[in-house]
Amino acid sequence: MGELLGCARVSTTDQDASLQLDALNAAGCYRVWVDTMSGPLGHRPELTKLLDQLRPGDTLVVWRLDRLGRSSRHLIGQLQALGERGNTTGRSPRGLPLR
(Lines give C-alpha, C1' and ligand atoms only; values in the text may rest on other atoms or scores of the structure.)
Protein backbone atom coordinates (compact mmCIF):
# COMPACT_ATOMS: atom_id res chain seq x y z
CA MET A 1 0.00 0.00 0.00
CA GLY A 2 1.32 3.42 -0.95
CA GLU A 3 1.30 6.83 0.66
CA LEU A 4 -1.49 9.40 0.75
CA LEU A 5 -0.26 12.63 -0.86
CA GLY A 6 -2.41 15.75 -0.57
CA CYS A 7 -3.01 18.57 -3.02
CA ALA A 8 -4.48 21.94 -1.95
CA ARG A 9 -5.03 25.11 -3.96
CA VAL A 10 -6.05 28.68 -3.18
CA SER A 11 -6.55 31.38 -5.80
CA THR A 12 -4.85 34.30 -4.04
CA THR A 13 -2.39 34.91 -1.25
CA ASP A 14 -5.30 36.52 0.64
CA GLN A 15 -7.08 33.16 0.85
CA ASP A 16 -6.37 30.69 3.61
CA ALA A 17 -5.77 27.01 2.86
CA SER A 18 -6.34 25.97 6.49
CA LEU A 19 -9.67 24.22 5.87
CA GLN A 20 -8.16 22.17 3.04
CA LEU A 21 -5.01 21.40 5.04
CA ASP A 22 -7.03 20.30 8.06
CA ALA A 23 -9.12 17.94 5.90
CA LEU A 24 -6.09 16.53 4.10
CA ASN A 25 -4.21 15.97 7.34
CA ALA A 26 -7.31 14.34 8.88
CA ALA A 27 -7.44 12.04 5.84
CA GLY A 28 -3.95 10.84 6.80
CA CYS A 29 -1.88 12.52 4.09
CA TYR A 30 1.83 11.86 4.48
CA ARG A 31 2.62 15.19 2.81
CA VAL A 32 0.57 18.06 1.34
CA TRP A 33 1.52 20.45 -1.46
CA VAL A 34 -0.23 23.86 -1.69
CA ASP A 35 -0.46 25.99 -4.84
CA THR A 36 -1.48 29.64 -4.90
CA MET A 37 -2.63 30.60 -8.36
CA SER A 38 -5.21 32.63 -10.22
CA GLY A 39 -6.55 32.43 -13.73
CA PRO A 40 -8.16 29.50 -15.45
CA LEU A 41 -5.17 27.17 -16.00
CA GLY A 42 -2.06 28.79 -14.57
CA HIS A 43 1.15 26.91 -13.95
CA ARG A 44 0.98 24.88 -10.72
CA PRO A 45 4.53 24.21 -9.55
CA GLU A 46 3.48 22.43 -6.34
CA LEU A 47 1.11 20.09 -8.19
CA THR A 48 3.95 19.34 -10.61
CA LYS A 49 6.20 18.46 -7.64
CA LEU A 50 3.47 16.25 -6.16
CA LEU A 51 2.98 14.40 -9.45
CA ASP A 52 6.74 13.85 -9.65
CA GLN A 53 6.57 12.19 -6.21
CA LEU A 54 3.57 9.92 -6.94
CA ARG A 55 4.49 6.27 -7.31
CA PRO A 56 2.32 3.29 -8.22
CA GLY A 57 0.11 2.52 -5.25
CA ASP A 58 0.15 6.10 -3.90
CA THR A 59 -3.12 8.00 -3.56
CA LEU A 60 -3.61 11.62 -4.55
CA VAL A 61 -6.03 13.24 -2.09
CA VAL A 62 -7.88 16.51 -2.73
CA TRP A 63 -10.37 18.35 -0.56
CA ARG A 64 -12.72 18.96 -3.51
CA LEU A 65 -12.43 18.08 -7.18
CA ASP A 66 -12.18 21.75 -8.17
CA ARG A 67 -8.89 21.93 -6.24
CA LEU A 68 -7.35 19.56 -8.81
CA GLY A 69 -8.74 21.05 -12.03
CA ARG A 70 -9.92 24.56 -12.81
CA SER A 71 -12.35 23.45 -15.53
CA SER A 72 -14.15 20.24 -16.41
CA ARG A 73 -11.82 19.68 -19.35
CA HIS A 74 -8.73 20.28 -17.21
CA LEU A 75 -10.04 17.99 -14.45
CA ILE A 76 -10.77 15.19 -16.92
CA GLY A 77 -7.26 15.55 -18.32
CA GLN A 78 -5.76 15.36 -14.84
CA LEU A 79 -7.80 12.25 -14.01
CA GLN A 80 -6.83 10.58 -17.28
CA ALA A 81 -3.16 11.34 -16.60
CA LEU A 82 -3.50 9.78 -13.14
CA GLY A 83 -5.10 6.69 -14.66
CA GLU A 84 -2.21 6.35 -17.11
CA ARG A 85 0.26 6.23 -14.22
CA GLY A 86 -0.63 2.63 -13.46
CA ASN A 87 -1.74 1.91 -9.90
CA THR A 88 -1.83 5.54 -8.85
CA THR A 89 -5.32 6.37 -7.62
CA GLY A 90 -6.99 9.41 -6.16
CA ARG A 91 -9.77 10.25 -3.75
CA SER A 92 -11.05 13.08 -1.62
CA PRO A 93 -11.47 13.04 2.16
CA ARG A 94 -15.21 12.97 1.43
CA GLY A 95 -14.74 9.57 -0.22
CA LEU A 96 -15.23 10.65 -3.84
CA PRO A 97 -13.20 8.49 -6.20
CA LEU A 98 -11.04 10.45 -8.64
CA ARG A 99 -10.53 7.56 -10.98
Side-chain angles (χ1 to χ4, degrees):
M1 181 151 167
E3 300 287 346
L4 298 177
L5 304 175
C7 174
R9 179 181 60 79
V10 293
S11 297
T12 68
T13 55
D14 293 335
Q15 292 179 332
D16 185 3
S18 296
L19 184 60
Q20 293 178 61
L21 295 173
D22 290 346
L24 294 169
N25 288 323
C29 289
Y30 168 73
R31 186 168 172 202
V32 177
W33 286 260
V34 180
D35 271 310
T36 301
M37 61 162 292
S38 61
L41 296 174
H43 178 62
R44 295 185 58 189
E46 295 302 309
L47 177 60
T48 300
K49 290 176 189 175
L50 184 156
L51 293 174
D52 287 344
Q53 294 294 311
L54 276 175
R55 301 292 174 248
D58 287 347
T59 301
L60 171 61
V61 182
V62 295
W63 179 60
R64 289 188 340 214
L65 290 175
D66 67 346
R67 302 296 88 189
L68 182 60
R70 293 292 302 256
S71 69
S72 296
R73 177 173 285 172
H74 186 238
L75 177 61
I76 290 168
Q78 293 283 34
L79 296 175
Q80 286 174 335
L82 285 171
E84 292 169 1
R85 296 176 68 101
N87 295 329
T88 302
T89 61
R91 67 178 179 87
S92 77
R94 296 178 182 175
L96 300 172
L98 296 184
R99 183 176 141 206

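Here, residue 1 is the first one in the sequence, and each next residue gets the next number.
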(request) Check whether any side-chain heavy atom of Gln78 lies under 4.5 Å from a side-chain heavy atom of His74, and answer yes or no. (result) yes
(message) Donor-acceptor check, side chain of Asp35 to backbone of Glu46, threshold 3.5 angstrom: yes or no?
(response) yes
(request) Would you indicate whether the side-chain heavy atoms of Val10 and Asp16 approach each other to under 4.5 Å? (result) no
(request) Quick one: pull up OG1 in Thr59 and OH in Tyr30 and give me the separation to the nearest 0.5 Å. (result) 15.0 Å
(request) Please round to the nearest 0.5 Å and tell me the distance separating atom CZ of Arg9 and atom CD of Gln20. (result) 8.0 Å
(request) Rounded to the nearest 0.5 Å, what's the gap from OG on Ser71 to CG on Asp66? Could you check? (result) 11.5 Å
(request) Report the distance from atom OG of Ser11 to atom CZ of Arg67, rounding to the nearest 0.5 Å. (result) 5.5 Å
(message) Would you compute the distance between atom CG of Leu4 and atom CG of Asn25 and round it to the nearest 0.5 angstrom?
(response) 11.0 Å
(request) Report yes if some heavy atom in the side chain of Ile76 is under 4.5 Å from a heavy atom in the side chain of Leu79; otherwise report no. (result) no
(request) Please examine the side chains of Leu51 and Leu82, heavy atoms only from C-beta on, and report whether any two atoms are closer than 4.5 Å. (result) yes
(message) Are Gln53 and Asp58 packed together at the side-chain level, in the sense that at least one heavy-atom pair is separated by less than 4.5 angstrom?
(response) no
(message) Could you measure the distance from the CG atom of Leu47 to the CG atom of Leu68? Nearest 0.5 Å is fine.
(response) 6.5 Å
(message) Restricting to non-hydrogen atoms, name the atom on Leu54 and the atom on Leu5 that form the minimum distance, rounded to 0.1 Å.
(response) CD2-CD1, 3.6 Å
(message) Among Leu24, Leu50, Val61, which residue satisfies the side chain to side chain contact (heavy atoms under 4.5 Å, CB included) criterion with Val32?
(response) Leu24
